[in-house]
Amino acid sequence: MRKISITTEIEQLVETEYVDAIHNSTFHHDIVNELTMLKNEFRRARNITVNMGSSRNPVWQVSPSTPQQYVDYVDEILTGYNDGSLLKWQPTIFCRDITHKDTLVSHQIANRAMKIDSEDKESLSKRLIDAMHYKNVRDQIVPLIYRKLELKACVYCNANYTISDSDGEGYYDLDHWKPKSYYPFLCISFFNLQPSCPSCNRRKSASDIAFFGLWDDTGSRDLDVLKFKLDERSLVNYLVFLEKENLKVDVEAADPRDAAQVAIRDNTKQRLHIEAKYAEHNDFTEEIVWKSKIYNANMIQSLRDSRFSALIPKQTDLERFILGTYADPNEIHKRPLTRLAIDLAKQLGLWKNSCNQ
């Protein structure tokens, strides 16, 4: 999969269409009031215990964090919300803040049921997520921005649609790259949110392990993390027997020397079953093989020279017509299966006769 570089334009969009939209929303004052009430509740607390067991077999222990540390934890969230910084934190910043927040209240106890002065309370995570009106942000604010960004495919598998319509309705699951159950202060941080298909979201669950993160704030030119490759032996078998079931697609790290990418690849394969999912798209893979054999130099040139070129004058659009989806790697999030199509087209030499490739 491929990251999106956080450009100045995206920063401005998030500032005006996300941060300002939340601060001008009907629930803005509720967020401020509820976070303030939660902070004051911890300020009055004398003793906090957390359930380190299960709901059936509770094991209550004194929280390793003091009431004042809970106060500081919530106060930092409230400050970051009020000045907008928390809402637009970029990955490098909020990953650093995770370490800091752990010195106040560890993420390992954030999702544990708690008692304040012997009174049963829901977990810190649940209470913060509710106080920050995550569901309102998810349903009322995010879809319109995703529509403008044309994020229409699951960021984890790129195999299913994640559509937002013109009425602001989102047809996808909103996933948190860093799980909100462990890091509730990031539950409405825009760059921690990622459109996901229900299958990937369910399988990823609240796992705090390495998965693909959509946004890049490092300025790197190399944005690819995972890519697809058609198994060469399976291709030979297909060309002999012409049975699409013989085609096998592998998921690889874009840079096999990058340990982080390898970990993401392994988790994506094991937890999200991505290779099994793509095995069910072998008809699409077969079509890419067909196109690599059919579209020779003469046929591509004839399309350029025909009256058809007046309808589709741009080279990139002609390639989109041939491929059946976007041919620019920067556009893989606009349509499912685009990552697969681009990678296989390159591997099979579909564009070797194109003057712009």
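Keep in mind the model is a prediction, meaning the values are calculated, not measured. Side chains included, hydrogens not; waters and symmetry mates left out as well; all remaining heavy atoms used.
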For the residue pair Asn246 / Asn237, report whether a side-chain donor-acceptor contact shorter than 3.5 Å exists. no

Check Arg127 with Asp130, please: is the shortest side-chain N to carboxylate O separation under 4.0 Å? no

Please say whether more than 12 non-hydrogen atoms of neighbouring residues, nucleotides or ligands are located less than 6.0 Å from NE2 in His29. no

Decide yes or no for Val225 and Lys3: does some side-chain heavy atom of the first lie under 4.5 Å from some side-chain heavy atom of the second? yes

Does a side chain donor of either Asp222 or Ser220 reach within less than 3.5 Å of an acceptor in the other side chain? no

Of all heavy-atom pairs between Lys277 and Ala159, which one has the smallest distance, and what is that distance? CD-CB, 3.8 Å

Does anything in residues 16-25 form a side-chain hydrogen bond (donor to acceptor under 3.5 Å, both in side chains)? List the pairs, not counting sequence neighbours. Glu17-Lys148

Other than Tyr161, what residues sit in its cluster of Ile, Leu, Val, Met, Phe, Trp and Tyr side chains whose heavy atoms are under 4.5 Å apart, directly or through others? Ile163, Tyr171

For residues 81-92, which residue pairs qualify under side-chain hydrogen bond (donor to acceptor under 3.5 Å, both in side chains), counting only residues two or more places apart or in two chains? Glu11-Gln90, Glu15-Lys88, His28-Tyr81, Asp83-Ser85, Thr92-Asp217

Among Asp208, Asn192, Asn111, Leu186, find the residue that satisfies the side chain to side chain contact (heavy atoms under 4.5 Å, CB included) test when tested with Pro179. Asp208

Strictly below 4.0 Å, N to O, side chains only: are Glu41 and Lys121 in salt-bridge contact? yes

If we check side-chain hydrogen bond (donor to acceptor under 3.5 Å, both in side chains) with Thr338, which of these qualifies: Asp343, Thr325, Asn158? Thr325

